[in-house]
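Values below: every heavy atom of this structure, side chains too, minus hydrogens, waters and symmetry copies.
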Amino acid sequence: NAGVTQTPKFQVLKTGQSMTLQCAQDMNHEYMSWYRQDPGMGLRLIHYSVGAGITDQGEVPNGYNVSRSTTEDFPLRLLSAAPSQTSVYFCASSYDDEQYFGPGTRLTVT
Amino acid sequence: GENVEQHPSTLSVQEGDSAVIKCTYSDSASNYFPWYKQELGKRPQLIIDIRSNVGEKKDQRIAVTLNKTAKHFSLHITETQPEDSAVYFCAASKGGSYIPTFGRGTSLIVHP
């Protein structure tokens with residue numbers, strides 16, 4: 001099993017550009033989520049999904065969209081990148097309460 | 001919603017000492033309390049968890065205690081080693097279909 005995978009590992013965007021961060025898991029987990037990690041701020045929940053076709057907002061959803069068309073994939077879209085979205089993004093899937101994190105995407109917006 | 005406070009934000013100890021990290025939570029319905037360790041440049045990984053039906057759980061050099069009345073829980077690491085240096089996150093959730101709320105993290109530095 002590859003577990004949770006994320007692409008790309010690093011990305012630099014200009015303000016106003018859009019992009020999609022990819023996340024996939026091969027463990028057949030129903031629950032998936034996106035977090036951002038900023039220094040001193042911990043892991044803040046952006047969006048989550050409890051199954052294919054079902055998504056909901058977390059603590060910091062503004063500027064991000066998600067969709068869940070399959071159990072395996074949970075992409076995160078930045079609609080119009082802003083410098084405040086410079087962060088490390090982690091995708092996670094969960095089973096029986098334990099969160100399995102992907103390796104992360106380091107995003108810089110200039 | 002749930003609010004998790006974690007202290008201290010930084011903890012520096014000498015190798016062999018014990019380290020204690022404390023968290024408080026606000027939602028009395030929370031019943032699952034995991035701890036994650038994140039090494040530099042890596043992803044967070046679960047190291048130990050506790051459910052509300054027990055007060056303490058141990059796994060070799062790490063232990064977690066829970067006081068439901070006071071709504072706080074703690075991570076204890078004994079005989080610390082340099083490889084324990086990392087950021088530790090506590091979290092709280094209602095279990096089942098609920099996504100956990102994380103604390104802000106504690107950077108543990110173990111000096112050889």
Side-chain angles (χ1 to χ4, degrees), chain A residues 2-7 9-10 21 23-25 27 29-52 54-61 66 68 74 76 87-107, chain B residues 1-11 21 23-27 29-54 57 59 64 66 86-108:
Chain A
V4 180
T5 58
Q6 291 182 239
T7 56
K9 289 187 176 159
F10 302 94
L21 306 186
C23 174
Q25 53 97 4
M27 298 175 284
H29 291 169
E30 289 296 324
Y31 301 105
M32 296 187 74
S33 49
W34 276 102
Y35 297 88
R36 59 177 291 173
Q37 183 175 25
D38 303 292
M41 298 299 291
L43 294 158
R44 292 185 292 170
L45 183 66
I46 304 171
H47 285 284
Y48 66 98
S49 169
V50 300
I54 306 169
T55 64
D56 206 347
Q57 296 181 353
E59 179 186 355
V60 288
V66 292
R68 184 95 181 272
F74 191 42
L76 178 73
S87 188
V88 178
Y89 291 85
F90 287 99
C91 176
S93 69
S94 58
Y95 175 77
D96 197 22
D97 294 323
E98 179 176 351
Q99 301 278 304
Y100 295 81
F101 287 89
T105 294
R106 184 173 293 275
L107 175 68
Chain B
E2 177 65 275
N3 182 48
V4 177
E5 301 277 343
Q6 182 173 348
H7 298 280
S9 56
T10 305
L11 180 58
I21 302 170
C23 290
T24 61
Y25 62 99
S26 61
D27 190 343
S30 290
N31 58 14
Y32 175 66
F33 307 94
W35 287 87
Y36 288 81
K37 175 183 180 182
Q38 184 182 28
E39 296 176 351
L40 189 63
K42 301 285 184 65
R43 71 191 81 186
Q45 292 191 295
L46 180 72
I47 56 170
I48 195 167
D49 56 14
I50 191 168
R51 297 189 187 272
S52 59
N53 57 347
V54 298
K57 184 176 179 181
D59 184 2
V64 57
L66 170 65
V87 178
Y88 292 80
F89 293 99
C90 64
S93 82
K94 296 175 194 173
S97 61
Y98 294 94
I99 303 291
T101 299
F102 286 86
R104 292 194 173 192
T106 295
S107 176
L108 174 64

Ignoring hydrogens and geometry beyond distance, is a side-chain donor-acceptor pair present between A/T5 and A/Q25 at under 3.5 Å?
no
Take the angle between the ring planes of A/Y95 and A/H29 and call it parallel below 30°, perpendicular above 60°, tilted in between.
parallel
Inter-residue atom distance A/Y89.OH - A/L76.CG, 0.5 Å rounding
7.0 Å
Is any side-chain N of the basic residue among A/R36 and A/D38 closer than 4.0 Å to the acidic one's carboxylate O?
yes
Any idea how A/F101 and A/Y35 line up, ring-wise: parallel (<30°), tilted (30 to 60°), or perpendicular (>60°)?
tilted
Side chain, backbone, both or neither: which part of A/Y100 has a heavy atom under 4.5 Å from chain B?
neither
Heavy-atom distances under 4.5 Å only: say whether A/V4 touches chain B with side chain, backbone, both or neither.
backbone
Below 4.5 Å from any heavy atom of chain B, which atoms of A/L43 appear? Answer side chain, backbone, both or neither.
both
Side chain, backbone, both or neither of A/Q37 within contact of chain B (heavy atoms, under 4.5 Å)
side chain
Under 4.5 Å from any heavy atom of chain A - which part of B/Q38
side chain
Engaged part of B/P44 at the chain A interface, taking heavy atoms whose separation is under 4.5 Å:
both
Of the listed A/G104, A/S33, A/G102, the one with the largest count of heavy-atom pairs under 4.5 Å with chain B is A/G102
